[in-house]
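Presented below is the structure to which this report refers.
Below, chains carry the letters A, B, ... as their sequence lines are ordered, and counting in each starts from 1. Small disclaimer: the values here were computed from a predicted structure and weren't measured.
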Amino acid sequence: MSSIPPNKTLYVNNLNEKIQKEELRKALYYLFSQYGRVVDVVALKTIKMRGQAFIVYREITEATKAMRSLQGFPLFDKPIKIDYAKTRSNKLNVLDGEYKLDESNTQSIYSQMFSESKFSQGVTTISKKREHEEDDQSNKKMALDKTDEEEENVIPNRILFLQNLPMDITEKMLSYLFVQYPGFKEIRLVPGKPDIAFAEYENELQAQTALKVLDGFNITPTNAMKVEFAKI
DNA sequence: AGCACA
């Protein structure tokens, strides 16, 4: 019986401490995404914080649903324990800032997002803890240097498949990016899979133009977006 | 068992 009032962030403990941080975050992210839009997962391996994590949702109702459904869920052989977090996650304040901006002025959110502030800083909580700067470079290269097999798969399609998106990406943010190229129709997010999306264009050629420019685009300093033609 | 990130 929890004494903490319901809020958007869940505190999860009794996690298997042998699991690597990134693997754990990813597992939690997918597990909890089933119940709503997860915008951040914070897991620290410090003495004090190991075996615990914070799952940040957009809505309290989503957090509540997840807590009910996943209470005691055996993750990496240990039943997880879930409660509401005691304090508000920083990420939520960042998100609120973006939302206000979004409401007030479309032009400014664009420059905010892709210049110095909100988009690049705020959205990057996931990766900002990286110790090595080179990760930046290698991420970018990974997305840009295609292997031979990937090259073969490239059958032009007016629908683009976007991968490696930050988990709190919005349809609006992606639209700002893709609408710059002619023929843009819409962005489609995928429920339960916040790191991928689709961008639709009028025709293959237009889609290809966007692909060429936006594949490998550093949507945050450490998340190079991968863009390929959808396989449909 | 342990409630953080800014």
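Contacts between residues 52-69 of chain A and DNA chain B, defined by a heavy-atom separation below 4.0 Å, involve Gln52(A), Phe54(A), listed by number.
Within the 4.5 Å cutoff, the side chain of Phe73(A) has heavy atoms near those of the Leu31(A) side chain.
With rounding to whole Å, Arg88(A) atom CZ is found 17 Å from dA6(B) atom P. For the pair Lys8(A) NZ and dC5(B) P, the computed distance is 21 Å after rounding to whole Å. Taking atom CD of Glu17(A) as the reference point, atom P of dA1(B) lies 10 Å away to the nearest angstrom. One interatomic measurement links the two molecules: CG of Asp83(A) to P of dG2(B), which rounds to 12 Å at whole-angstrom precision. Regarding Met49(A), its CE atom lies at a distance of 7 Å from the P atom of dC5(B), rounded to whole Å. Between Leu10(A) atom CG and dC5(B) atom C1' there is a gap of 16 Å when expressed in whole angstrom units. Rounded to an integer number of Å, the gap from Leu95(A) CG to dA6(B) C1' is 14 Å. Atom C1' of nucleotide dA4(B) and atom NZ of Lys21(A) are separated by 12 Å, given to the nearest angstrom.
For residues 41-56 of chain A, the pairs satisfying side-chain hydrogen bond (donor to acceptor under 3.5 Å, both in side chains) are Tyr11(A)-Gln52(A), with sequence neighbours left out. Note on residues 175-199 of chain A: pairs passing salt bridge (Lys or Arg N to Asp or Glu O under 4.0 Å), not counting sequence neighbours, are Lys185(A)-Glu200(A), Glu186(A)-Arg188(A), Arg188(A)-Glu200(A). Annotation: salt bridge (Lys or Arg N to Asp or Glu O under 4.0 Å) contacts involving residues 56-71 of chain A, sequence neighbours excluded, are absent.
The base of dA4(B) is paired with the side chain of Ser89(A) by a donor and an acceptor separated by under 3.5 Å.
For Asn203(A), the side-chain hydrogen bond (donor to acceptor under 3.5 Å, both in side chains) partners two or more places apart in sequence, or in a different chain, are Gln206(A). By the side-chain hydrogen bond (donor to acceptor under 3.5 Å, both in side chains) test, Asn16(A) is found to be paired with no residue, residues two or more places apart in sequence or in another chain being considered.
Nucleic acid contact for Asn14(A): base, since at least one base atom lies under 4.0 Å from a heavy atom of the residue.
The side chain of Tyr11(A) approaches dG2(B) more closely than any other nucleotide in the set dC5(B), dG2(B), dA4(B).
For the 3.5 Å distance criterion, the side chains of Arg88(A) and Asn93(A) qualify, holding a donor opposite an acceptor.
Listed pair Lys86(A) / dA4(B) fails the phosphate criterion, with no side-chain N or O lying under 4.0 Å from OP1 or OP2.
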